[in-house]
Amino acid sequence: MTDILMPALSPTMEEGTLSKWLVKVGDTVAAGDVIAEIETDKATMEVEAVDEGKIEALLIEAGTEGVKVNSVIARLEGGTSSAAPAPAAAPAEAKAEAPAAAPVAAKPQNDPEIPEGTPTVRITVRDALRDAMAEEMRRDDKVFLMGEEVAQYQGAYKVSRGLLEEFGERRVIDTPITEMGFAGIGAGAAMTGLKPIIEFMTFNFAMQAIDHILNSSAKTLYMSGGQIKSSIVYRGPNGAAARVGAQHSQDYSAWYAQIPGLKVIAPYDAADAKGLLKAAIRDPNPVVFLEHEMMYGLEFDIPDVEDFVLPIGKAKIQRTGADVTIVAHSRMVGFALKAAEQLAAEGIDAEVVNLRTLRPLDTDTVIASVKKTNRLVTVEEGWGPMGVGAEIAARVTAEAFDDLDAPPARVHQEDVPMPYAANLEALTVPSVEKIIAAVKQVTYK
Amino acid sequence: MARAAQKDSKTDSGKKLSNVSRDDLLKYYRQMVLIRRFEERAGQLYGMGLIGGFCHLYIGQEAVAVGMEAASKDGDQVITGYRDHGHMLAAGMDPNAVMAELTGRSGGSSKGKGGSMHMFDIETGFFGGHGIVGAQVSLGTGLAFADFYKQNGNVSFTYFGDGAANQGQVYESFNMAQLWKLPVVYVIENNEYAMGTALARASATVNLSQRGSSFGIPGETVDGMDVFAVKEAAERAAEHARSGKGPYILEMKTYRYRGHSMSDPAKYRSKEEVDEVKTTRDPIDHVKTMLQQAGVSEDDIKTIDNEIKAIVLEAVEFAQTSPEPDPSELYTDVYLEA
Ligand SMILES: Cc1ncc(C[n+]2csc(CCOP(=O)(O)OP(=O)(O)O)c2C)c(N)n1
Ligand SMILES: [Mg+2]
C-alpha cells in the first residue's frame with residue numbers, strides 16, 4: 001500500500017485546494033498518470049501518480065480547501081511500500097524555508113509623509129507594485145514595461161498581473177532571454193525621453209546587463225554634460241529566495257548603492273513598494289529598484305489615498321525605541337522588527353530604522369536615532385565586507401562618534417556563496433537570533 | 001560566403017533497426033527509463049518538501065542526453081544548464097549522489113552545497129549544472145578551447161535551450177569557436193518553450209540549426225525524440241569537431257512534459273498539446289516498440305523496469321538517510337590553500 005501525499009507547488013506553499021480528482025476508487029494507474037488537480041492562489045497543477053497500483057481510497061473530497069502539504073490524500077493498493085515515506089519523514093529543515101520573520105505590529109510608526117487618521121487598505125507587496133506601475137502607466141504614455149515573461153505569463157512572480165490586458169502589447173512587452181540586449185534597448189529608449197521600466201526576472205540575471213545599468217544609464221547625464229537624461233527604472237527581486245543555491249541568491253544592494261548617477265531603492269512593505277515605485281518611475285534619473293521575492297505574498301496596510309507617492313532618499317522610523325538603533329532595509333526590516341519585539345520582552349527597547357532608499361542614503365535619520373539610543377546595529381542580507389552596514393557604520397562613527405556607547409555591530413550573510421543544503425543555508429543567512437545577539441553585544445547585556 | 005549545411009534526420013524506426021544491435025536498444029531503453037523514473041521520484045520528493053528551491057525535470061527529453069552520450073568518448077566533456085539531472089545520469093554519474101544532492105545531503109555530488117541546478121563530476125567529465133541562462137555556452141566553448149590547446153582529441157558537448165539560444169554570449173562564442181576551429185558540439189534542446197514563452201514569440205527565426213550560419217557553422221535539425229536519430233547525428237557532429245573542422249550545431253526537436261520547474265502551472269500550452277506528444281512521440285515508447293520488434297519479450301522489458309525501479313528506490317532511500325552536511329562545511333571550498 002502506498003500513501004499519496006498532498007504535494008507542494010513551491011518552497012513556500014503550506015496548503016492548497018484539491019480541486020479535482022481525475023481518477024476514482026478501483027482505477028488502475030501507472031507511474032506518471034495524472035490523478036488530480038490542485039490549486040493555490042498562484043497556480044494550478046496536476047498531481048501524478050509516482051507508483052503503479054489500484055486506487056484504494058480517495059481520502060480528500062474534490063473541492064476541499066486548505067489541504068495541508070504532505071497530508072495523505074489517497075491510497076494506492078499494490079505499489080511499493082517504501083515508495084512514499086510517511087509525512088513524518090519530512091525533515092525539520094523544510095520548515096526553515098518559510099519566511100523566518102513575519103511582519104509584526106510595531107509601536108506607533110513615525111511616517112511624516114502620511115497624515116494622522118488616513119484610512120488604509122490591506123494589500124500584498126506584489127499587488128502594490130503592480131498598482132504602482134498601472135497608475136503611472138495611466139498617467140504617462142511614455143512609461144512602458146519590458147522584460148522576460150512580463151506580459152502573457154503576467155510576470156514570473158505574477159507582479160505584472162493584468163497589465164497586458166489593460167495596456168496592450170505596445171506597452172507591456174515580453175522579451176527573449178537577453179538581459180544585456182533589452183537593458184540596452186531600455187537605456188537607449190530612455191535617452192530619447194521614454195520612461196522604461198525594465199524588469200529582471202531576478203537581479204541575479206541583471207549581472208548580464210549591469211554594464212548598461214552602470215555605463216549606459218548611470219553615467220550618461222554626466223558624460224553628456226547634462227544633455228541626455230535617463231529616466232529609467234530597473235526593477236525585480238533581489239536577494240535570497242529559499243533554497244535556490246549560489247547563483248540565484250545574491251543581494252546586490254551594496255553593488256548598486258556604490259554608483260554615482262544611480263538612485264537605489266529597497267522597499268520593505270506594501271506602502272514602501274507602492275509609494276516608492278511611483279516615485280522611481282517619475283524620477284528623471286536611473287533608478288535601481290530592489291524588491292524581494294519572499295515579501296511578494298505578504299500583506300500590509302497601505303494608506304488609501306488617490307496618488308500615494310513617497311519621497312526617495314528618506315528613511316522611516318519603523319518602530320520607535322530608546323536603547324538601540326537597528327538599521328535595516330528590504331526583508332531585513334521584518335527581521336529587525338521581530339527581534340525588537342523579542343528584545344522588548346527582555347527589557348531592551350529597540351528603534352528600527354527602515355532605510356527605504358540606499359542611494360541617496362538618509363544619514364540624517366540614522367544619526368538622529370543613534371544620538372538618541374547611542375548604539376547601532378546594522379542588518380543586511382548581503383555579505384558584510386564593503387557592505388551597506390560598513391558604510392553606515394563609517395558615517396555614524398564619523399559624524400556621531402561621541403554619541404556612541406559601543407562600537408557598531410553588523411549582521412549580514414556569512415562570507416561564503418549561498419549553500420543549497422537547508423541546514424547550511426539557515427546558518428549563513430541573517431536571522432532574528434543573530435540580530436538579537438548583535439543587540440546584546442552593543443548593549444552589553 | 002560559406003553556406004551552412006542543412007539536413008533533417010527523420011524517424012524511420014523500421015529502416016534503422018537493421019543497423020542497431022539488440023544490446024544497444026536495451027542499453028538506451030535502460031538509460032532512458034532510469035532518467036524518467038528518477039525524475040518522477042525527484043518530483044515526488046519535491047512535493048514532500050525534501051527537495052527545495054528550483055527543480056527542473058528532464059521528463060520527455062531523455063532521448064537527447066542518452067543518444068548524445070552514445071556518441072561520446074572517454075575524455076569528452078559535457079556541460080549544460082539547470083535542467084541537468086538527465087545529463088548526469090546519462091554521463092554515468094551515480095544516481096545516489098545525484099538524488100542526495102537534490103535533497104542537500106552530504107552524500108550528494110557537491111556535498112549538498114550545489115543543489116539541483118549545480119552538480120559537477122570531474123570523473124565523468126560533467127562540468128555542470130549552471131543557473132545563468134546562456135553562460136554554459138561560453139563555458140562549453142572554453143572546455144573546447146582547452147581540448148584544442150592540449151590537442152587531446154576530445155570534444156565538448158555543450159547543451160542549451162531554445163530560450164538560451166537568444167543570449168548574446170552564444171553568438172560571441174559561435175564566432176570564436178569557428179574562428180579558431182574549436183572542437184565543440186552545440187546541442188540546442190528545442191523543447192518549444194522557454195518558461196512560458198513559445199519559441200516563435202521570442203525568436204525572429206525558428207530554425208535553430210541555422211543559428212551559426214553567419215559564422216559558417218554547419219547545423220542539423222534532429223528528431224530529438226528518437227534516440228537513434230540523435231545518436232547518428234551526434235556521431236557526425238562529433239566526428240566533424242574531433243577532426244579539427246570546428247564547431248557543429250545540432251538542433252534537437254524535443255518536448256518537456258512537465259512545467260518549467262515545479263511551481264509552473266504551464267497554462268501557456270494546452271493539455272491536448274502535451275497529451276499528443278506523450279501519446280505519439282514519446283521517446284521511451286519509441287524504443288520499447290523497437291525492442292518488441294526485435295523480439296525482446298515483455299518479461300525481459302519488465303525485468304529491466306524492475307531493476308531500474310530498485311536503483312531509483314535505493315537512490316531515494318540514500319537521499320533521505322545520508323546526513324546533512326556538517327556545519328563546518330559552510331566555510332570549506334571557498335578558497336584553496338595557495
Ligand atoms: C540570465 C538568465 N535569465 C533568466 C533566467 C531565468 N530562467 C531560467 S530558465 C529560463 C528559461 C530557459 O528556457 P530554455 O533555454 O528554452 O531552456 P529549458 O528550460 O526549456 O530547458 C529562464 C528565463 C536565468 N536563469 N538566467
Ligand atoms: Mg526550452
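Reminder, nothing fancy here: chain letters follow the sequence lines and each chain counts from 1.
Proximity of a side-chain donor or acceptor of Y331(B) to a complementary backbone N or O of E414(A) within less than 3.5 Å is not detected. No donor-acceptor pair closer than 3.5 Å links the side chain of E324(B) to the backbone N or O of A422(A). With N423(A) contributing its side chain and P325(B) its backbone, the two residues share a donor-acceptor pair below 3.5 Å.
Comparing A165(B), G108(B), G112(B), G43(B) by heavy-atom pairs within less than 4.5 Å of chain A, the highest count is held by G112(B). Contacts with chain B were tallied for T428(A), D415(A), V416(A); V416(A) has the most, counting heavy-atom pairs under 4.5 Å. The greatest number of non-hydrogen atom pairs below 4.5 Å with chain A, out of L330(B), I132(B), D326(B), is found for L330(B).
Side chains of V133(B) and F205(A) form no contact here, defined as non-hydrogen atoms less than 4.5 Å apart. A 4.5 Å side-chain heavy-atom check between Y420(A) and T103(B) finds every atom pair outside the cut-off. No side-chain heavy atom of I177(A) sits under 4.5 Å from any side-chain heavy atom of N166(B). Counting only heavy atoms from C-beta outward, the side chains of Q247(A) and H118(B) approach each other to under 4.5 Å. Residues H248(A) and M117(B) meet the side-chain proximity criterion, which asks for heavy atoms closer than 4.5 Å.
Note: R201(B) CZ to T175(A) OG1 = 10.5 Å, rounded to the nearest 0.5 Å. The distance from atom CG of D3(A) to atom CE of M48(B), rounded to the nearest 0.5 Å, is 10.0 Å.
Of all heavy-atom pairs between P327(B) and L427(A), the closest is CB-CD1, 3.7 Å. Considering all non-hydrogen atoms of both residues, G53(B) and V244(A) come closest at CA-CG1, 3.8 Å.
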- Task: Start with the C-alpha distance between Y153(A) and T197(B), add both sets of side-chain angles, then the distance that settles side chain to side chain contact (heavy atoms under 4.5 Å, CB included), and finish with yes or no.
- Result: CA-CA 8 Å; Y153(A) 199 76; T197(B) 304; over 6 Å; no

- Message: As a quick check of understanding, evaluate side chain to side chain contact (heavy atoms under 4.5 Å, CB included) for M180(A) and Q169(B), giving each step before the final call.
- Response: CA-CA 10 Å; M180(A) 187 172 198; Q169(B) 62 181 316; over 6 Å; no

- Message: Between E179(A) and Q167(B), does the side chain to side chain contact (heavy atoms under 4.5 Å, CB included) criterion hold? Intermediate values first, please.
- Response: CA-CA 8 Å; E179(A) 285 81 5; Q167(B) 279 286 29; 2.8 Å; yes

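Scanning residues 55-63 of chain B against chain A with a 4.5 Å heavy-atom cutoff picks out nothing at all.
Heavy atoms of Q208(A) lying under 4.5 Å from chain B belong exclusively to its side chain. Contact annotation for M6(A): only backbone heavy atoms (N, CA, C, O) come within less than 4.5 Å of a heavy atom of chain B. Heavy-atom distances place no part of D333(B) under 4.5 Å from chain A, backbone and side chain included. Looking at L102(B), the atoms closer than 4.5 Å to chain A (heavy atoms on both sides) all sit in the backbone: N, CA, C or O. Neither the backbone nor the side chain of K111(B) comes within contact range of chain A; no heavy atoms are under 4.5 Å apart.
Taking D282(B) as the reference, R36(B) meet the salt bridge (Lys or Arg N to Asp or Glu O under 4.0 Å) condition, with sequence neighbours excluded.
Using a 4.0 Å cut-off between a side-chain N of Lys or Arg and a carboxylate O of Asp or Glu, E52(A) and K309(B) qualify as a salt bridge.
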